[in-house]
Amino acid sequence: MFVTTPEFLPQHRQQRQQLLQIVSAAEARGQLRIVEMNQQALGNLDRIITALEDDEAPSGAEVADAG
């Protein structure tokens, strides 16, 4: 299980940007498996980021992702 808190939002956003670049480059090269794997990771990051943004709750709030 993966657990994170809002303090790590900048790192999650940075990782998302990096994955978008990887996906874009892989699409351009026709590397469909790399695109597929990283799109799954992007989906997970999107859910984590959205939950953390929506949950700008009291400090100590955590978001878990079993993916």
Side-chain angles (χ1 to χ4, degrees):
M1 178 190 281
F2 175 80
V3 179
T4 189
T5 61
E7 74 182 279
F8 292 102
L9 267 170
Q11 290 90 336
H12 295 309
R13 290 181 181 128
Q14 182 179 18
Q15 184 179 8
R16 186 180 184 283
Q17 280 303 117
Q18 291 170 344
L19 284 174
L20 285 172
Q21 291 173 346
I22 290 169
V23 167
S24 178
E27 284 176 335
R29 292 188 302 264
Q31 297 173 316
L32 301 180
R33 181 64 182 137
I34 292 173
V35 170
E36 179 184 328
M37 290 185 314
N38 285 290
Q39 283 179 331
Q40 289 176 2
L42 275 171
N44 289 339
L45 268 175
D46 285 340
R47 285 188 292 280
I48 289 167
I49 291 168
T50 299
L52 290 173
E53 288 172 341
D54 290 348
D55 197 53
E56 294 284 333
S59 62
E62 297 179 344
V63 174
D65 177 54

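All values derive from a computational prediction rather than experimental measurement.
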Mind checking the CG-CD1 spacing from N44 to I49? Nearest 0.5 Å is all I need. 11.0 Å
So, taking the atom named CG in N38 and the one named CD1 in I22, what distance separates them when rounded to the nearest 0.5 Å? 5.0 Å
Pairwise distance CD(Q14) to CD(Q17) - rounded to 0.5 angstrom: 9.5 Å
Sorted by chain and number, sequence neighbours left out, side chain to side chain contact (heavy atoms under 4.5 Å, CB included) with Q21 holds for none
Which distance, rounded to the nearest 0.5 Å, do you find between the CZ of F8 and the CD1 of I48? 12.5 Å
Residues passing the side chain to side chain contact (heavy atoms under 4.5 Å, CB included) test with L42, sequence neighbours excluded, are R16, L19, L20, V23
Between A26 and V35, which heavy-atom pair has the shortest distance, and what is it? CB-CG2, 3.6 Å
Between the CD atom in Q11 and the CG atom in L45, the distance rounded to the nearest 0.5 Å is 11.5 Å
Quick test of your reading: applying salt bridge (Lys or Arg N to Asp or Glu O under 4.0 Å), list the pairs with at least one residue in residues 23-33, sequence neighbours left out, ordered by first then second residue. R33-E36
Please walk me through it: do E53 and R13 pass side-chain contact (heavy atoms from CB on, under 4.5 Å)? CA-CA 11 Å; E53 288 172 341; R13 290 181 181 128; 2.7 Å; yes
